[in-house]
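Since the structure comes first, as structure tokens, the remarks are kept for the end.
As a basis for the values below, the full set of heavy atoms in this structure was taken, side chains included, without hydrogen atoms, waters or symmetry mates. Please read all numbers here as calculations on a predicted model, not as lab measurements.
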Amino acid sequence: MFALVDVNSFYASCEIVFRPDLQGRPVAVLSNNDGCVIACSAETKKLGIRTGAPYFKYRDLFLRHNVVCFSSNYELYADMSDRVMTTLEEMVPRLEIYSIDEAFCDLTGIRNCRVLEDFGREIKEAVYRNTHLRVGVGIAQTKTLAKLANHAAKKWTKTGGVVDLSNIERQRKLMSLFPVDEVWGVGRRISKKLDAMGIKTVLDLADTHISVIRKHFNVVLERTVRELRGEPCLELEEFAPVKQEIVCSRSFGERITEYEQMRQAICAYAARGAEKLRGEHQYCRFISTFVKTSPFALNEPYYGNSVGVRLLTPTQDSRDIINAAIRCLDVIWRDGHRYQKAGIMLGDFFSQGIAQLNLFDDNAPRAGCEKLMEVLDRLNAKDGRGTLYFAGQGIQQQWQMKREMLSPRYTTRYSDLLVVR
DNA sequence: TCTGGGGTCCTAGGACCC
DNA sequence: TCTGGGGTCCTAGGACCC
């Protein structure tokens, strides 16, 4: 038995917690670079805003309705997320943190001694007490059904934000009310194809023969269908599996046209990627760089390219990773384009112990590099990032992303603490 | 003018082996 | 003229998630 707990309009709600004057008012949070609308308070949703749509298309509408906009403040959201997850961890035996604002809880044992819906309300109240954030709780036999139950809890306010869907009749009734694209794992492409096959509601999908699903789709959708029928195919993953790749990429605040600017950006992303890699206690052997112009610009030719290198020995040294990333950049860089975005990717990971030296490798790992990297990370962890950085990252960083409506980092910086007068 | 960032899994097809 | 069968590994691309 699973419960899916997720925070209502998470990013927007975090902003409102520290700005009580905004309660009941339309609030929106924008993606990096203030590019897209990625979260809306309930009042903003009522205006018919589609999350994921570009901000500039809504600018007039927002102005007319006095929508308060914020740039993404991930430092704040990550810290608020920790507080929510800690609360949940104290209440359930096993927890899977699925994303920054969602977690699956294992309710298997709890079912024996508690009415699940009551327990769901208790979770809600505890999270509100500790964080002033409101959550929805969906309960069912499988993760996919719990997701659906959570959907229902959000959609119908009379549920009080908690839906226990373990009853089969209730499941079927609810499934008949939802269109198929609301199912976890059914995106735009698949729902379109299903629609063409006459499979419109979630119940239609649940009642479709497995053989039909396998013929037209794949095992992923098969699992989804089985889960909708109450047959668990996905387990609770309490411990995050080891990462298989690390990506660091950003859109630029202003288009890049100069090689030197791009080199700085790639150097900065590579340094950040290396830091993440060490945070995972991994070594990587594959490093790649990509650059691209805007796919939306109609009056300039699109250029996007990527190239990667495989090192002889795995590394976690920022200097090796920066070096490799810049070498890749030099292969794909073309003058004359207005670059909109670039990034680096690390892959082919090895864990500390098993980094094999190549028999014919003549650049053996640098001595003492682990100590050096440790010092680097420790210094940078102390007060945010950027105490110590590589010269190649540049000092001016004209390419930095735009965040013109950033809120204070209320919970993670002394300088940004909320002042009550 | 202005369109995020970071992941996972699966599949098909090519290269290569005996 | 005629060109097998079975397997592995890797990669690129598609689809999805938040």
Side-chain angles (χ1 to χ4, degrees), chain A residues 4 6-7 9-11 28-39 50-60 62 69-74 77-78 81 96-104 143-144 147 150-151 180-194 214 216-224 233-234 237 240-255 269 272-273 276-277 279-280 285-286 288 290 292-300 302 304-308 310 338 340-349 401-405:
Chain A
L4 176 68
D6 89 328
V7 183
S9 322
F10 181 54
Y11 296 168
V29 176
L30 309 179
S31 65
N32 276 338
N33 245 338
D34 299 340
C36 297
V37 179
I38 53 169
R50 210 166 41 81
T51 59
Y55 169 51
F56 72 88
K57 284 192 179 166
Y58 288 132
R59 203 163 296 172
D60 290 341
F62 280 6
C69 287
F70 289 96
S71 304
S72 296
N73 185 345
Y74 286 103
Y77 312 147
S81 173
E96 173 186 339
I97 298 173
Y98 178 68
S99 76
I100 193 163
D101 74 329
E102 286 176 71
F104 286 102
K143 283 180 156 183
T144 306
K147 268 271 192 189
N150 181 284
H151 235 31
V180 77
D181 63 336
E182 310 239 352
V183 174
W184 187 40
V186 176
R188 246 199 10 251
R189 298 302 265 270
I190 290 177
S191 66
K192 200 172 161 195
K193 198 164 156 187
L194 286 170
R214 279 313 294 269
H216 297 278
F217 302 92
N218 56 20
V219 292
V220 182
L221 192 66
E222 174 181 344
R223 279 202 283 263
T224 299
C233 300
L234 305 170
E237 285 171 36
V242 183
K243 274 204 206 317
Q244 299 184 32
E245 60 179 37
I246 287 173
V247 178
C248 260
S249 71
R250 290 280 179 284
S251 301
F252 305 120
E254 280 165 31
R255 300 281 185 267
Y269 302 155
R272 176 71 189 121
K276 284 192 203 171
L277 183 68
E280 295 278 317
R285 227 177 52 165
F286 179 76
S288 73
F290 71 86
K292 51 187 278 193
T293 61
S294 170
F296 302 102
L298 297 172
N299 41 12
E300 48 187 285
Y302 176 78
N305 206 348
S306 81
V307 79
R310 198 168 298 277
R338 297 174 65 242
Q340 174 248 354
K341 184 174 179 175
I344 63 103
M345 198 184 101
L346 310 178
D348 199 2
F349 292 169
M401 60 187 177
K402 259 193 302 202
R403 296 154 95 193
E404 287 171 350
M405 293 159 276

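- For A/Val247, the side-chain atoms get nearest to B/dG6 when compared with the rest of B/dC9, B/dG6, C/dA15.
- With a cut-off of 3.5 Å on both pairing distances, the Watson-Crick or G-U wobble partner of B/dC18 is C/dG5.
- Considering only heavy atoms from C-beta on, A/Gln340 comes within 4.5 Å of A/Arg255 through its side chain.
- Taking 4.5 Å as the limit, every side-chain heavy atom of A/Phe296 sits out of range of all side-chain heavy atoms of A/Pro54.
- Looking at heavy-atom distances under 4.0 Å, A/Asn218 makes contact with sugar-phosphate atoms alone, never a base.
- Between A/Pro54 and A/Phe217, the residue anchored closer to the 5' end of DNA chain B is A/Pro54, taking for each the nucleotide with the nearest heavy atom.
- When distances are taken from the side chain of A/Lys243 to each of B/dC10, B/dC2, B/dG7, the shortest belongs to B/dG7.
- The residue A/Asp101 sits close only to the backbone: its heavy atoms come under 4.0 Å of sugar-phosphate atoms, none of a base.
- Nucleic acid contact class of A/Leu30 (heavy atoms, under 4.0 Å, all strands): none.
- Within the 4.5 Å cutoff, no side-chain heavy atoms of A/Leu4 are placed close to those of A/Lys143.
- Distance from the side chain of A/Lys147 is smallest to C/dC18 among C/dC18, B/dC2, B/dG7.
- Side-chain proximity of A/Arg189 to C/dC16, B/dC9, C/dC18: nearest is C/dC16.
- Within 4.0 Å of A/Glu245, counting heavy atoms only, lies at least one base atom of the nucleic acid.
- Closest to the A/Asn32 side chain, of the nucleotides B/dG5, B/dT11, B/dC9, is B/dG5.
- Taking the side chain of A/Arg310 as heavy atoms from C-beta on, and the options B/dC2, C/dT11, B/dG6, the nearest nucleotide is C/dT11.
- Using a 4.0 Å heavy-atom criterion, one finds that A/Tyr98 contacts the sugar-phosphate atoms exclusively.
- Atom CD of A/Glu404 and atom P of B/dG4 are 16 Å apart (whole Å).
- When the C1' atom of C/dA15 is taken as reference, atom NE2 of A/His216 falls 18 Å away, rounded to whole Å.
- Note on A/Ile190: only backbone sugar-phosphate atoms sit closer than 4.0 angstrom, heavy atoms only; bases stay farther off.
- Between the CG atom in A/Asp181 and the NZ atom in A/Lys192 there is a gap of 13.0 Å [rounded to 0.5 Å].
- Each of C/dC18, B/dG6, B/dT3 was ranked by its minimum atom distance to the side chain of A/Gln340; first place goes to B/dT3.
- At a threshold of 4.0 angstrom between heavy atoms, the contacts of A/Val7 with the nucleic acid are absent.
- If you check B/dT3, B/dG5, B/dG7 against the side chain of A/Lys57, the one that comes closest is B/dT3.
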